[in-house]
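Take a look at the structure below.
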Amino acid sequence: MPWSVLKALRENPDVMKDNLRKRFMDPGLVDEFLNVDSEWRRTQTELNKLRHKHNVISAQIPKLSGGERDAKIAEARELLKEIGELEARLKELDSRRKELLNGMPSLLHESVPVGPDETHNAVVRVWGKAVVQSKHLKEFLAETEGKGVRMEYEVTEREFVGHADMLEYVLGLGNTLKAGEVSGSRFYYLFDDIVWLDIALITYAMDYLTSKGFRLVLPPYMLKGDFMRAVEEFEAFKDALYKIDGEDLYLIATAEHPLAALHAGETIPEEDLPLLYVGVSPCFRKEAGAANRDIKGIFRVHQFHKVEQFAYTLPEQSWDVFDMLIGNAEELYRGLGIPHRVVNIASGELNLRAAMKYDLEAWYPAQGRFRELVSCSNVLDWQAYKLNVKFVRRKGMVKDFVHMLSSTAIASTRTITAILENFQREDGVVEVPKALRKYLEPYRKAPKDFIHPARKSS
RNA sequence: GCCGGGGUGCCCGAGCGGUCUAAGGGGCUGGCCUGGAGAGCCAGUGGGCUUCGUGCCCGCGCGGGUUCAAAUCCCGCCCCCGGCGCCA
């Protein structure tokens with residue numbers, strides 16, 4: 001019934017300490033919490049006793065009159081002073097306790113590789129044939145065979161054009177300079193075929209997931225502070241969020257945010273689980289910590305479109321659903337023909353919420369690197385606890401927190417960059433993935449098979 | 001945005017300063033009963049503390065305040081309904 005993290009802290013503190021060590025956090029936080037927690041419980045009991053005494057007196061007063069009545073009122077007033085002092089103490093303890101508790105991470109899944117940074121990520125699967133420029137061969141092999149997997153590849157002496165130059169100069173279908181002038185860096189104008197491609201990618205993912213039984217959702221693009229705080233590790237995340245001036249509203253950074261809040265405060269009958277949603281929305285991110293990384297092009301930007309998978313499950317279902325969500329994402333990228341690998345993110349790189357996170361990383365021939373396109377997380381009951389989303393088992397009407405999971409399906413701009421690098425030909429033509437044909441067909445001016453380079457103006 | 005009405009437990013719905021231990025229905029879960037089902041009866045159906053006791057505290061949209069005592073009175077906020085305004 002209680003939050004799994006609280007249960008572990010109280011009943012298996014050593015397991016939680018080990019969990020913190022694996023995440024390169026301070027295991028001393030467990031004892032600190034337990035001290036505050038027991039003090040909080042003691043204070044609460046004591047306070048309850050005083051309040052009880054006060055309640056008893058209050059109940060006697062209406063039956064009395066004259067001096068007796070005045071004496072009781074005076075006694076109640078005296079008690080109230082004591083209660084007030086204890087309440088202040090409890091409030092202090094409570095906020096300290098909440099602070100510590102909210103900073104506690106989910107228990108890691110046993111398969112999560114333990115290590116401080118992304119060099120410890122484990123490669124789970126690979127798919128497709130990577131085209132590797134000979135100058136990148138060493139890195140490619142280090143990132144595949146060096147991690148214990150064999151991925152098909154073809155070495156070439158050919159030079160690939162980076163996605164940013166491809167978009168802006170070869171195709172002439174993006175303008176980040178003008179966008180930078182009018183909106184700032186990491187914004188963009190996209191034109192013509194790339195816009196059709198963006199829309200087609202989104203509808204491709206919507207079509208696939210709705211056919212799998214996911215319910216299609218267009219969510220609010222802003223959330224109140226309370227809900228943002230519940231869905232995210234807020235202190236760590238708030239710098240990434242745009243806030244509406246003078247209002248308690250934040251632009252969403254992913255449809256995960258409003259989808260997680262969709263059932264806040266509700267109790268879901270067990271037979272309704274799992275609930276599967278596919279959200280479509282723009283995403284807004286400040287990218288504050290990114291400094292000058294990926295400053296060119298549309299790889300890392302302040303706004304993009306994303307189709308997001310989201311699931312509410314029974315605790316015993318969540319790992320099966322996790323496999324399904326990442327499986328769906330893989331199916332979508334296999335359909336597009338983008339070579340990729342799936343990695344199990346190392347413990348030290350995981351956020352507090354996630355018990356496990358798989359990323360799908362596409363191979364970028366020009367960059368000579370694998371880069372993240374998809375992130376799939378099982379946060380167990382972390383969000384459910386903060387959002388108070390429960391389910392009820394028919395047998396015995398027992399309530400407990402649901403598990404929540406989310407995974408990217410398609411993030412438009414980033415997927416476009418992967419297409420621009422992987423499907424460019426030497427003549428500058430970009431081949432459109434066959435799987436998108438169906439979603440481009442209805443539009444007379446949309447590209448069908450190829451996106452052609454801009455005609456040289458000179 | 002303005003004016004008016006309103007937010008009570010899983011749902012409907014009463015209460016509008018002190019026997020509220022939140023009436024009364026309905027639903028759901030468990031038990032009794034039954035060959036089985038129904039009816040009927042009993043219990044449970046918000047959160048927390050607990051010395052686990054027919055124990056205690058808190059909870060009536062959210063947050064403050066007045067009072068010995070607040071669902072009930074006051075202030076701020078959120079949301080819903082109706083009307084006006086504005087608008088795609």
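Below, read A as the first sequence line, B as the second, and so on, with proteins coming before strands; counting in each chain starts at 1.
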Length of the line joining E270(A):CD and rC10(B):C1', which is rounded to integer Å: 16 Å
Pairs flagged by ring-ring contact (aromatic ring centres under 6.0 Å, His included) wherever residues 60-110 of chain A is involved - sequence neighbours left out: H109(A)-W319(A)
Dot-bracket encoding per residue of RNA chain B, Watson-Crick/G-U cut-off under 3.5 Å, | denoting interstrand: ((((((((.[[[..)..(.....]]]((((((.......))))))((((.....))))..[[[[[..)....]]]]])))))))....
Residue met sooner reading RNA chain B from 5', once I61(A) and R393(A) are mapped to nucleotides: R393(A)
E372(A) bridged to K357(A) by N-O distance under 4.0 Å: no
Nucleotide rG46(B), atom P - distance to CZ of F401(A) in whole Å: 14 Å
Salt bridge (charged side-chain N to carboxylate O under 4.0 Å, His left out): pairs with one or both residues in residues 209-225 of chain A, sequence neighbours excluded: none
For E287(A), all residues meeting salt bridge (Lys or Arg N to Asp or Glu O under 4.0 Å), sequence neighbours excluded: R300(A)
Under-4.0 Å side-chain N/O to phosphate OP1/OP2 contact, K390(A) with rG46(B): no
Counterpart residues, ring-ring contact (aromatic ring centres under 6.0 Å, His included), relative to F187(A) (two or more places apart): H302(A)
Protein-nucleotide distance (E271(A), atom CD; rC28(B), atom P), rounded to Å: 12 Å
Residue whose closest nucleotide on RNA chain B lies nearer the 5' end, P62(A) versus K72(A): P62(A)
Qualifying side chain to side chain donor-acceptor pair (under 3.5 Å) pairs, either residue in residues 243-268 of chain A, two or more places apart: E232(A)-H257(A), T254(A)-K306(A), E256(A)-R353(A), E256(A)-Q383(A), E256(A)-S406(A), H263(A)-E266(A), H263(A)-Y277(A)
Atom P, compared across rU8(B) and rC80(B): separation rounded to whole Å: 14 Å
Nearest-angstrom distance, C1' atom, rC60(B) to rG55(B): 24 Å
R414(A) NZ/CZ over F299(A) ring centroid, <6.0 Å and within 45° of normal: yes
Stretch residues 41-58 of chain A: residues that reach within less than 4.0 Å of RNA chain B through a heavy atom: R41(A), Q44(A), T45(A), N48(A), K49(A), R51(A), H52(A), H54(A), N55(A), S58(A)
Of residues 74-98 of chain A, the positions that come close to RNA chain B - non-hydrogen atoms, cut-off under 4.0 Å: A76(A), R77(A), L80(A)
For atom CG of L223(A) and atom P of rC78(B), their distance in whole Å: 16 Å
Atom C1', compared across rG63(B) and rU50(B): separation rounded to whole Å: 29 Å
Pairs touching residues 44-54 of chain A that satisfy side chain to side chain donor-acceptor pair (under 3.5 Å), sequence neighbours left out: R51(A)-E87(A)
Partner residues of Q60(A) under the side chain to side chain donor-acceptor pair (under 3.5 Å) criterion, sequence neighbours left out: K72(A)
Interatomic distance at P, rG59(B) relative to rG6(B), whole Å: 24 Å
Whole-Å C1' distance, rG65(B) and rG13(B): 30 Å
Nearest-angstrom distance from the residue atom CG of N388(A) to P of rG59(B): 18 Å
P-based separation of rG25(B) from rC42(B) [nearest Å]: 11 Å
Whole-angstrom distance between rG26(B) and rG38(B), as gauged at atom P: 16 Å
Salt bridge (charged side-chain N to carboxylate O under 4.0 Å, His left out): pairs with one or both residues in residues 183-195 of chain A, sequence neighbours excluded: none
Rounded distance (Å) that lies between atom P of rC28(B) and atom CG of D272(A): 15 Å
Length of the CZ-P vector between F391(A) and rU45(B), whole Å: 18 Å
F322(A) ring center near Y358(A) ring center (under 6.0 Å): yes
Pairs touching residues 17-26 of chain A that satisfy side chain to side chain donor-acceptor pair (under 3.5 Å), sequence neighbours left out: K17(A)-D31(A)
Pairwise P distance for rC11(B) and rC62(B), with rounding to whole Å: 14 Å
Whole angstrom value for the distance that separates P of rG9(B) from NZ of K399(A): 12 Å
Y189(A) and F191(A) aromatic ring geometry - parallel, tilted or perpendicular at 30°/60° bounds: parallel
